[in-house]
2 protein chains.
Amino acid sequence: MTDLAEPVRPAAPPRRRDAGATRAAILEAARIAFAATGYDRTSLRDIAALAGSDVALIPRYFGGKEGLFTEALKATIAPDRLRDWDRSRFSRDVAEMMAGAADIADPRTRTFQFLLQAATSPTTAPLLGRAVQERFLAPIRDWLGDEAGQERARVLAAIYIGFLVERLIRGAALEGPERTAFVERVTAVIDGVIGPG
Amino acid sequence: MTDLAEPVRPAAPPRRRDAGATRAAILEAARIAFAATGYDRTSLRDIAALAGSDVALIPRYFGGKEGLFTEALKATIAPDRLRDWDRSRFSRDVAEMMAGAADIADPRTRTFQFLLQAATSPTTAPLLGRAVQERFLAPIRDWLGDEAGQERARVLAAIYIGFLVERLIRGAALEGPERTAFVERVTAVIDGVIGPG
DNA sequence: GGCCCATGTCAATGCGCGTTGACTTGTCGA
DNA sequence: TCGACAAGTCAACGCGCATTGACATGGGCC
């Protein structure tokens, strides 16, 4: 990891020695760093620097790198805010988002990258299926309404994931007419799934 | 990497010293190993053992680990037989394939796993982007016809990838009415992209 | 105010990695 | 047949990593 951001810790800590706060800072830094660079390319030194604490605390507090990753994964698989989205604007919002570059600051991007990273790690791979079911399929199904069924959620989730991967691979944002055409078509595709029957 | 298989080399080599064959064995071993465990978790020693050759040959033949990965990636993303596909049956064929379970024995699955591994590593993601552009998007664009433009190929590729991920995560094949509904909808989605304008 | 344990710091250790260079050995042409 | 060069082997190096244990220090409690 090259450079991400300044330390996560609050500017004026109420106590200069607070194990709970330190632990939380490390965990938050780990979520950011693991999502950004994956398990292997993220060193505990990176995480400690991002958390503004010492490397040696990590094995002590989390039992090691794997323990930290597991806990960060659990913390990342949280209920989505999909219900808050405006359904009439959903497809276009998603399309616009997909036309942009992958923004690591976006928690959704972070979550997705994290899950993708987890998929490639044999230790954490089994967690992924359940995570996707809980975090993607179930919310989407509920959001679409009961009449939609599992199948529409499945298709929508697949398309969503596909565009996330595409964006991840693409790197840069789309520009000009290509962006316009892309957004139009993605909007149409998603509308085709969530719209009628 | 723990244990994969026996060395790839032919049992009775015609020549005991054959740089071309050794290079090819290393490359094939790299394709298998990288697909299985990703860039970071695969060591050159693993690959060399799988190829039945020496570690030191890899930097010499491929210029280093990155060079080997790049070449393995290129070899994996070979020009597809896309042109041979029947366009009128394309969407339904794909949909039926997606409704099934992911078959590890299928070279396409292996290829895809390789790409997914590449996508999650920041080092290799740019390489993957270029490779996908050259070997995936461009053929699709040509296949769709010039009027289609880059943008339709992009959308189609994203959808394709998304369903591959979904299938990989899902594990089991779909059955009964859910399968029918899934196939119908996927067919419609793909038709919507490759069909009209 | 002073003890003492929780908390944080620091240096050191061992390991696996990619890479390098010197060396050996096979093989093919003269 | 034999020499030269390609091909393969081997040991070692430097580096970054996670982890450990000894040490320093802050702050709540008596």
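Just so you know, these numbers come straight off a predicted model, no measurement behind them. These values consider heavy atoms only, across backbone and side chains, with no hydrogens, waters or symmetry-generated copies. In what follows, chains are A, B, ... by sequence order, proteins preceding strands, each numbered from 1.
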| task | Whole angstrom is fine here: how far is it from CZ in A:Phe69 over to P in D:dC17? | result | 17 Å

| query | Looking only at side-chain N and O atoms, does A:Thr22 come under 4.0 Å of OP1 or OP2 in C:dG8? | reply | yes

| With A:Arg31 via salt bridge (charged side-chain N to carboxylate O under 4.0 Å, His left out) - residues at least two apart | A:Glu28

| Sidechain N-carboxylate O distance under 4.0 Å for B:Arg92, B:Glu184 | yes

Could you list the protein-to-nucleotides 19-22 of chain D atom pairs, N/O on both sides, closer than 3.5 Å?
unit_1	atom_1	unit_2	atom_2	d
D:dT19	OP2	A:Lys65	N	3.0

| query | Does the distance from a Lys or Arg side-chain N to an Asp or Glu carboxylate O, for B:Glu151 and A:Arg179, drop under 4.0 Å? | reply | no

| query | Are any of B:Tyr61's side-chain N or O atoms less than 4.0 Å away from OP1 or OP2 of D:dA7? | reply | no

| said: How many whole angstroms separate atom CZ of A:Phe62 from atom C1' of D:dA18? | reply: 15 Å

| Rounded distance (Å) that lies between atom C1' of C:dG26 and atom CZ of B:Arg17 | 4 Å

| message | Whole angstroms only, please: what is the CD1-C1' distance between B:Ile26 and D:dG8? | response | 10 Å

| query | With B:Arg23, which residues qualify under side chain to side chain donor-acceptor pair (under 3.5 Å), at least two apart? | reply | B:Glu71

| message | Please determine whether a side-chain nitrogen or oxygen atom of B:Ser53 lies at a distance below 4.0 Å from atom OP1 or OP2 of D:dG8. | response | no

| query | Are A:Val186 and A:Val183 grouped together when hydrophobic residues (ILVMFWY) are joined by side-chain heavy atoms under 4.5 angstrom apart? | reply | no

| Whole-Å distance separating the OH atom of A:Tyr39 from the C1' atom of D:dC17 | 11 Å

| task | Give the rounded distance in Å between these two atoms: CZ of A:Arg23 and P of C:dG8. | result | 12 Å

| query | With under 30° as parallel and over 60° as perpendicular, where do the rings of A:Phe34 and A:Tyr39 fit, or are they tilted in between? | reply | parallel

